[in-house]
Amino acid sequence: MLGIGDDGAIVRPDADRELVIVIDTMVEGVHYPAGLDPSDIGYRAVAVNLSDIAAMAARPRWMTLALTLASDDAGWLDGFSRGLFEAADEFSVPLIGGDTTRGDQTVITVQITGDVMPSKALRRSGAKPGDDIYVTGTPGDAAAGLALWQSNTVRNENQRQLLRRFARPAPRVALAGELASHASAAIDVSDGLFADIEKLLVASGAGGVIELDDLPLSVPLVAVQGKASAIELALGGGDDYELIFTAAPAQAPAIAEMAKRSSVAVRKIGSVSKGDALHCVKGGREFAYRHAGYRHFAETSDD
(Lines give C-alpha, C1' and ligand atoms only; values in the text may rest on other atoms or scores of the structure.)
Protein backbone atom coordinates (compact mmCIF):
# COMPACT_ATOMS: atom_id res chain seq x y z
CA MET A 1 0.00 0.00 0.00
CA LEU A 2 2.91 2.38 0.77
CA GLY A 3 6.59 1.82 0.14
CA ILE A 4 9.78 3.87 0.34
CA GLY A 5 9.43 7.58 1.05
CA ASP A 6 7.54 7.78 4.35
CA ASP A 7 8.30 6.93 7.97
CA GLY A 8 7.10 3.39 7.44
CA ALA A 9 5.78 1.00 4.84
CA ILE A 10 2.16 -0.15 4.79
CA VAL A 11 1.31 -3.66 3.57
CA ARG A 12 -1.98 -5.50 3.40
CA PRO A 13 -1.54 -9.27 3.84
CA ASP A 14 -3.90 -11.48 1.88
CA ALA A 15 -6.83 -12.88 3.80
CA ASP A 16 -6.42 -16.37 5.26
CA ARG A 17 -2.61 -16.37 4.98
CA GLU A 18 0.05 -16.59 7.68
CA LEU A 19 3.19 -14.46 7.58
CA VAL A 20 6.71 -15.90 7.60
CA ILE A 21 9.42 -13.39 8.54
CA VAL A 22 13.15 -14.02 8.05
CA ILE A 23 16.22 -11.84 8.50
CA ASP A 24 19.89 -12.31 7.70
CA THR A 25 22.96 -10.14 8.27
CA MET A 26 26.08 -10.23 6.09
CA VAL A 27 29.25 -8.63 7.49
CA GLU A 28 32.10 -7.80 5.13
CA GLY A 29 35.04 -10.11 5.76
CA VAL A 30 32.90 -12.56 7.75
CA HIS A 31 30.07 -13.66 5.46
CA TYR A 32 31.61 -12.59 2.16
CA PRO A 33 35.11 -11.51 1.05
CA ALA A 34 35.66 -7.78 0.76
CA GLY A 35 36.71 -7.90 -2.89
CA LEU A 36 33.65 -9.73 -4.19
CA ASP A 37 31.86 -7.94 -7.02
CA PRO A 38 29.33 -5.56 -5.39
CA SER A 39 26.54 -6.68 -7.73
CA ASP A 40 27.08 -10.24 -6.51
CA ILE A 41 27.00 -9.04 -2.90
CA GLY A 42 23.67 -7.31 -3.52
CA TYR A 43 22.17 -10.35 -5.23
CA ARG A 44 23.47 -12.66 -2.52
CA ALA A 45 22.02 -10.54 0.28
CA VAL A 46 18.54 -11.16 -1.12
CA ALA A 47 19.09 -14.77 -2.17
CA VAL A 48 20.17 -16.06 1.27
CA ASN A 49 16.94 -14.75 2.80
CA LEU A 50 14.83 -16.15 -0.01
CA SER A 51 16.37 -19.54 0.74
CA ASP A 52 14.94 -19.38 4.28
CA ILE A 53 11.55 -18.38 2.89
CA ALA A 54 11.65 -21.35 0.49
CA ALA A 55 12.65 -23.74 3.30
CA MET A 56 9.42 -22.86 5.07
CA ALA A 57 7.38 -23.39 1.89
CA ALA A 58 6.39 -19.73 1.83
CA ARG A 59 5.91 -17.14 -0.92
CA PRO A 60 8.14 -14.03 -0.72
CA ARG A 61 6.19 -10.75 -0.58
CA TRP A 62 8.24 -7.76 0.65
CA MET A 63 11.73 -6.92 1.87
CA THR A 64 13.48 -4.19 3.85
CA LEU A 65 17.18 -3.35 3.90
CA ALA A 66 19.46 -1.93 6.61
CA LEU A 67 22.82 -0.98 5.09
CA THR A 68 25.87 0.23 7.02
CA LEU A 69 28.69 1.53 4.81
CA ALA A 70 32.31 2.08 5.77
CA SER A 71 32.87 4.60 2.97
CA ASP A 72 30.93 6.72 0.52
CA ASP A 73 31.77 4.72 -2.62
CA ALA A 74 29.23 5.57 -5.32
CA GLY A 75 30.55 2.88 -7.69
CA TRP A 76 30.23 0.15 -5.05
CA LEU A 77 26.73 1.30 -4.10
CA ASP A 78 25.63 1.37 -7.74
CA GLY A 79 26.85 -2.20 -8.30
CA PHE A 80 25.33 -3.40 -5.02
CA SER A 81 21.97 -1.83 -5.89
CA ARG A 82 22.03 -3.36 -9.36
CA GLY A 83 22.52 -6.87 -7.96
CA LEU A 84 19.97 -6.41 -5.21
CA PHE A 85 17.26 -5.23 -7.60
CA GLU A 86 18.14 -7.97 -10.07
CA ALA A 87 17.28 -10.54 -7.40
CA ALA A 88 14.24 -8.53 -6.30
CA ASP A 89 12.86 -8.52 -9.85
CA GLU A 90 13.71 -12.17 -10.51
CA PHE A 91 11.81 -13.36 -7.44
CA SER A 92 9.11 -10.66 -7.34
CA VAL A 93 9.98 -9.32 -3.89
CA PRO A 94 9.92 -5.49 -3.82
CA LEU A 95 12.07 -3.38 -1.52
CA ILE A 96 9.60 -1.35 0.57
CA GLY A 97 11.84 0.39 3.10
CA GLY A 98 14.99 0.39 5.18
CA ASP A 99 17.82 2.49 6.51
CA THR A 100 21.36 3.52 5.50
CA THR A 101 24.10 4.64 7.86
CA ARG A 102 27.88 4.94 8.18
CA GLY A 103 30.00 2.57 10.28
CA ASP A 104 33.41 0.97 10.65
CA GLN A 105 32.65 -1.82 8.17
CA THR A 106 30.02 -2.74 5.64
CA VAL A 107 27.09 -4.60 7.19
CA ILE A 108 24.06 -5.66 5.16
CA THR A 109 20.82 -6.80 6.80
CA VAL A 110 17.86 -7.88 4.70
CA GLN A 111 14.49 -8.84 6.13
CA ILE A 112 11.94 -10.61 3.96
CA THR A 113 8.30 -11.20 4.78
CA GLY A 114 6.58 -14.09 3.05
CA ASP A 115 3.20 -15.72 3.37
CA VAL A 116 1.80 -19.21 3.40
CA MET A 117 -1.56 -20.93 3.79
CA PRO A 118 -2.51 -21.44 7.46
CA SER A 119 -0.68 -24.35 9.10
CA LYS A 120 1.21 -25.08 5.86
CA ALA A 121 4.61 -23.59 6.79
CA LEU A 122 7.30 -26.27 6.94
CA ARG A 123 9.37 -26.60 10.09
CA ARG A 124 12.53 -28.48 11.01
CA SER A 125 10.67 -30.59 13.53
CA GLY A 126 8.39 -32.76 11.39
CA ALA A 127 10.69 -35.55 10.20
CA LYS A 128 9.70 -39.10 11.21
CA PRO A 129 11.62 -42.40 11.23
CA GLY A 130 11.16 -44.03 7.84
CA ASP A 131 11.06 -40.72 5.94
CA ASP A 132 13.45 -40.20 3.05
CA ILE A 133 15.98 -37.34 3.09
CA TYR A 134 16.27 -35.21 -0.06
CA VAL A 135 18.52 -32.37 -1.19
CA THR A 136 18.17 -29.96 -4.09
CA GLY A 137 20.97 -29.02 -6.46
CA THR A 138 24.61 -29.94 -5.95
CA PRO A 139 26.01 -29.16 -2.48
CA GLY A 140 29.70 -28.37 -2.07
CA ASP A 141 29.97 -26.10 -5.10
CA ALA A 142 29.83 -22.81 -3.20
CA ALA A 143 32.56 -23.74 -0.72
CA ALA A 144 34.81 -24.84 -3.60
CA GLY A 145 34.08 -21.60 -5.44
CA LEU A 146 34.98 -19.50 -2.43
CA ALA A 147 38.25 -21.40 -1.93
CA LEU A 148 39.14 -20.82 -5.58
CA TRP A 149 38.38 -17.11 -5.28
CA GLN A 150 40.48 -16.79 -2.13
CA SER A 151 43.43 -18.52 -3.80
CA ASN A 152 43.00 -16.47 -6.99
CA THR A 153 42.89 -19.62 -9.13
CA VAL A 154 39.67 -19.06 -11.11
CA ARG A 155 40.95 -19.62 -14.63
CA ASN A 156 38.73 -22.13 -16.47
CA GLU A 157 35.01 -22.65 -17.02
CA ASN A 158 34.60 -25.31 -14.32
CA GLN A 159 36.19 -23.00 -11.77
CA ARG A 160 34.06 -20.05 -12.92
CA GLN A 161 30.91 -22.13 -12.48
CA LEU A 162 31.90 -22.99 -8.93
CA LEU A 163 32.64 -19.35 -8.09
CA ARG A 164 29.27 -18.34 -9.48
CA ARG A 165 27.58 -20.83 -7.16
CA PHE A 166 29.08 -18.93 -4.21
CA ALA A 167 28.53 -15.44 -5.58
CA ARG A 168 25.01 -16.02 -6.89
CA PRO A 169 23.12 -18.63 -4.84
CA ALA A 170 19.95 -20.01 -6.44
CA PRO A 171 17.20 -19.94 -3.79
CA ARG A 172 14.70 -22.71 -4.51
CA VAL A 173 11.64 -20.48 -4.37
CA ALA A 174 10.13 -22.38 -7.32
CA LEU A 175 9.66 -25.42 -5.07
CA ALA A 176 8.10 -23.56 -2.17
CA GLY A 177 4.53 -23.57 -3.42
CA GLU A 178 4.37 -27.36 -3.60
CA LEU A 179 6.86 -28.41 -0.96
CA ALA A 180 4.44 -28.29 1.96
CA SER A 181 2.13 -30.75 0.22
CA HIS A 182 4.81 -33.45 0.11
CA ALA A 183 7.51 -32.77 2.72
CA SER A 184 7.41 -33.40 6.47
CA ALA A 185 10.30 -31.07 7.43
CA ALA A 186 12.81 -28.77 5.73
CA ILE A 187 15.90 -26.60 6.27
CA ASP A 188 18.19 -24.75 3.91
CA VAL A 189 21.90 -25.53 3.54
CA SER A 190 23.85 -22.60 4.96
CA ASP A 191 26.32 -24.23 7.37
CA GLY A 192 26.96 -27.46 5.44
CA LEU A 193 24.90 -30.48 4.44
CA PHE A 194 25.86 -32.72 7.37
CA ALA A 195 25.49 -29.99 10.01
CA ASP A 196 22.15 -28.80 8.66
CA ILE A 197 20.69 -32.30 8.38
CA GLU A 198 21.78 -32.76 12.01
CA LYS A 199 19.88 -29.61 13.00
CA LEU A 200 16.72 -30.88 11.31
CA LEU A 201 17.02 -34.30 12.95
CA VAL A 202 17.69 -32.82 16.40
CA ALA A 203 14.59 -30.63 16.04
CA SER A 204 12.62 -33.74 15.00
CA GLY A 205 14.00 -35.95 17.77
CA ALA A 206 15.32 -38.49 15.28
CA GLY A 207 18.49 -39.92 13.75
CA GLY A 208 19.41 -40.59 10.16
CA VAL A 209 21.72 -41.97 7.52
CA ILE A 210 23.35 -40.20 4.55
CA GLU A 211 24.19 -42.47 1.61
CA LEU A 212 27.37 -40.91 0.24
CA ASP A 213 27.10 -42.83 -3.04
CA ASP A 214 23.87 -40.92 -3.68
CA LEU A 215 25.26 -37.41 -3.12
CA PRO A 216 24.59 -35.24 -6.19
CA LEU A 217 28.10 -34.00 -6.98
CA SER A 218 28.41 -31.54 -9.84
CA VAL A 219 30.67 -32.18 -12.82
CA PRO A 220 32.69 -28.98 -12.15
CA LEU A 221 33.19 -29.90 -8.48
CA VAL A 222 34.54 -33.37 -9.22
CA ALA A 223 36.64 -32.08 -12.13
CA VAL A 224 38.30 -29.40 -10.01
CA GLN A 225 38.52 -31.12 -6.62
CA GLY A 226 38.48 -34.86 -7.32
CA LYS A 227 35.87 -37.29 -5.98
CA ALA A 228 37.12 -37.65 -2.39
CA SER A 229 37.48 -33.91 -1.81
CA ALA A 230 34.14 -33.29 -3.54
CA ILE A 231 32.41 -35.55 -0.99
CA GLU A 232 34.06 -33.70 1.91
CA LEU A 233 32.99 -30.33 0.47
CA ALA A 234 29.45 -31.58 -0.17
CA LEU A 235 29.17 -32.70 3.46
CA GLY A 236 30.94 -29.82 5.18
CA GLY A 237 30.97 -26.85 2.80
CA GLY A 238 28.56 -24.01 3.45
CA ASP A 239 26.78 -21.27 1.53
CA ASP A 240 25.04 -23.56 -0.96
CA TYR A 241 21.55 -22.38 0.05
CA GLU A 242 20.03 -25.55 -1.31
CA LEU A 243 17.09 -27.19 0.46
CA ILE A 244 17.13 -30.32 2.57
CA PHE A 245 13.72 -31.86 3.17
CA THR A 246 12.23 -35.10 4.40
CA ALA A 247 9.20 -36.94 3.08
CA ALA A 248 7.44 -40.27 3.43
CA PRO A 249 8.50 -42.87 0.81
CA ALA A 250 4.98 -42.78 -0.68
CA GLN A 251 5.65 -39.18 -1.74
CA ALA A 252 8.53 -40.13 -4.05
CA PRO A 253 6.52 -40.04 -7.34
CA ALA A 254 4.97 -36.67 -6.44
CA ILE A 255 8.38 -35.26 -5.50
CA ALA A 256 9.81 -36.39 -8.86
CA GLU A 257 6.97 -34.59 -10.65
CA MET A 258 7.44 -31.49 -8.49
CA ALA A 259 11.14 -31.39 -9.38
CA LYS A 260 10.34 -31.76 -13.07
CA ARG A 261 7.76 -28.96 -13.06
CA SER A 262 10.06 -26.56 -11.22
CA SER A 263 13.20 -27.53 -13.19
CA VAL A 264 15.06 -28.01 -9.89
CA ALA A 265 17.18 -31.14 -9.43
CA VAL A 266 16.11 -33.12 -6.35
CA ARG A 267 17.94 -36.22 -5.11
CA LYS A 268 17.17 -38.69 -2.31
CA ILE A 269 20.36 -39.00 -0.24
CA GLY A 270 19.34 -40.90 2.87
CA SER A 271 16.68 -41.71 5.40
CA VAL A 272 15.43 -40.76 8.85
CA SER A 273 15.79 -43.36 11.59
CA LYS A 274 15.11 -43.82 15.27
CA GLY A 275 17.79 -42.66 17.67
CA ASP A 276 19.65 -39.38 17.92
CA ALA A 277 22.70 -39.72 15.65
CA LEU A 278 23.43 -38.99 12.00
CA HIS A 279 25.64 -41.52 10.21
CA CYS A 280 27.28 -41.63 6.79
CA VAL A 281 27.43 -44.82 4.72
CA LYS A 282 29.56 -45.42 1.64
CA GLY A 283 29.58 -48.65 -0.32
CA GLY A 284 27.41 -50.27 2.32
CA ARG A 285 29.88 -49.51 5.11
CA GLU A 286 30.00 -46.90 7.84
CA PHE A 287 31.97 -43.83 6.77
CA ALA A 288 33.55 -41.95 9.66
CA TYR A 289 32.67 -38.28 9.37
CA ARG A 290 32.25 -35.44 11.85
CA HIS A 291 32.08 -31.78 11.06
CA ALA A 292 30.93 -28.86 13.18
CA GLY A 293 29.49 -26.97 10.23
CA TYR A 294 30.70 -24.15 8.05
CA ARG A 295 32.28 -21.23 9.90
CA HIS A 296 32.37 -18.49 7.21
CA PHE A 297 35.51 -16.41 7.89
CA ALA A 298 35.19 -16.36 11.69
CA GLU A 299 34.71 -18.85 14.50
CA THR A 300 30.94 -18.42 14.64
CA SER A 301 28.22 -20.60 13.16
CA ASP A 302 25.37 -19.05 11.21
CA ASP A 303 21.85 -20.44 11.35
Side-chain angles (χ1 to χ4, degrees), residues 20 46-60 87 90-93 114-117 120-124 126-128 130-143 161-162 164-166 168-190 192-194 196-197 199-201 204 208-222 230-231 233-235 237-272:
V20 175
V46 179
V48 299
N49 280 277
L50 287 170
S51 183
D52 285 330
I53 289 285
M56 300 196 74
R59 172 183 63 170
E90 181 178 348
F91 296 100
S92 301
V93 53
D115 64 8
V116 66
M117 294 294 291
K120 289 294 186 180
L122 277 176
R123 305 182 185 190
R124 299 178 182 182
K128 302 174 182 62
D131 282 357
D132 296 325
I133 300 174
Y134 292 86
V135 70
T136 65
T138 52
D141 291 353
Q161 287 186 41
L162 294 175
R164 185 170 180 81
R165 290 275 284 132
F166 172 79
R168 297 265 175 147
R172 302 307 184 179
V173 175
L175 288 179
E178 296 185 73
L179 200 58
S181 298
H182 309 299
S184 55
I187 188 173
D188 76 330
V189 185
S190 56
L193 186 69
F194 189 94
D196 288 322
I197 291 177
K199 292 176 192 174
L200 184 151
L201 294 174
S204 297
V209 175
I210 302 173
E211 298 281 352
L212 299 188
D213 293 330
D214 294 331
L215 287 180
L217 305 175
S218 73
V219 171
L221 182 63
V222 174
I231 290 173
L233 284 166
L235 288 172
D239 279 322
D240 286 305
Y241 298 100
E242 297 291 351
L243 296 183
I244 298 162
F245 64 93
T246 58
Q251 293 291 336
I255 289 169
E257 285 298 315
M258 176 184 71
K260 184 177 179 181
R261 282 191 297 272
S262 63
S263 299
V264 175
V266 176
R267 176 77 69 86
K268 175 188 168 184
I269 59 168
S271 59
V272 181

Rounded to the nearest 0.5 Å, what's the gap from [atom1] on [X] to [atom2] on [Y]? Could you check?
X: Tyr241; Y: Thr136; atom1: OH; atom2: OG1; answer: 13.5 Å
X: Asp240; Y: Ser51; atom1: CG; atom2: OG; answer: 9.5 Å
X: Asp131; Y: Lys268; atom1: CG; atom2: NZ; answer: 10.5 Å
X: Lys260; Y: Glu257; atom1: NZ; atom2: CD; answer: 5.5 Å
X: Leu212; Y: Leu235; atom1: CG; atom2: CG; answer: 5.5 Å

Of all heavy-atom pairs between [X] and [Y], which one has the smallest distance, and what is that distance?
X: Leu179; Y: Ala54; result: CD2-O, 4.0 Å
X: Ala47; Y: Pro171; result: O-CB, 3.6 Å
X: Lys120; Y: Ala180; result: O-CB, 3.1 Å
X: Pro139; Y: Leu221; result: O-CD2, 3.9 Å
X: Val116; Y: Ala57; result: CG2-O, 3.5 Å
X: Ile133; Y: Ser271; result: CD1-O, 3.5 Å

Take atom CZ of Arg123 as the centre, draw a 6.0 Å sphere, and report whether it contains more than 12 heavy atoms from other residues, nucleotides or ligands.
no

Considering residues at least two apart in sequence or located in another chain, which fulfil the ring-ring contact (aromatic ring centres under 6.0 Å, His included) criterion with Phe91?
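With neighbours one apart ignored, the set is empty.
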
Qualifying residue for side-chain contact (heavy atoms from CB on, under 4.5 Å) with Asp188, from Ile244, Leu243, Asp196:
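Result for side-chain contact (heavy atoms from CB on, under 4.5 Å) with Asp188: Leu243.
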
Is there a side-chain contact between [X] and [Y] (heavy atoms, below 4.5 Å)?
X: Phe245; Y: Val266; result: yes
X: Met258; Y: Leu175; result: yes
X: Val135; Y: Pro216; result: yes
X: Ile197; Y: Ile269; result: yes
X: Ser92; Y: Pro60; result: no
X: Lys199; Y: Ile187; result: yes
X: Leu50; Y: Pro169; result: no
X: Ile210; Y: Leu215; result: yes

Taking Arg124's backbone N and O only, do any of them form a donor-acceptor pair with Ser204's side chain (distance below 3.5 Å, no angle check)?
yes

Taking Asp141 for its side chain and Leu162 for its backbone only, find out whether a donor-acceptor pair lies under 3.5 Å.
no

Write out all pairs satisfying salt bridge (Lys or Arg N to Asp or Glu O under 4.0 Å) with one or both partners inside residues 241-250, taking only residues at least two apart or from two chains.
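Listed by first then second residue: Arg165-Glu242, Arg172-Glu242.
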
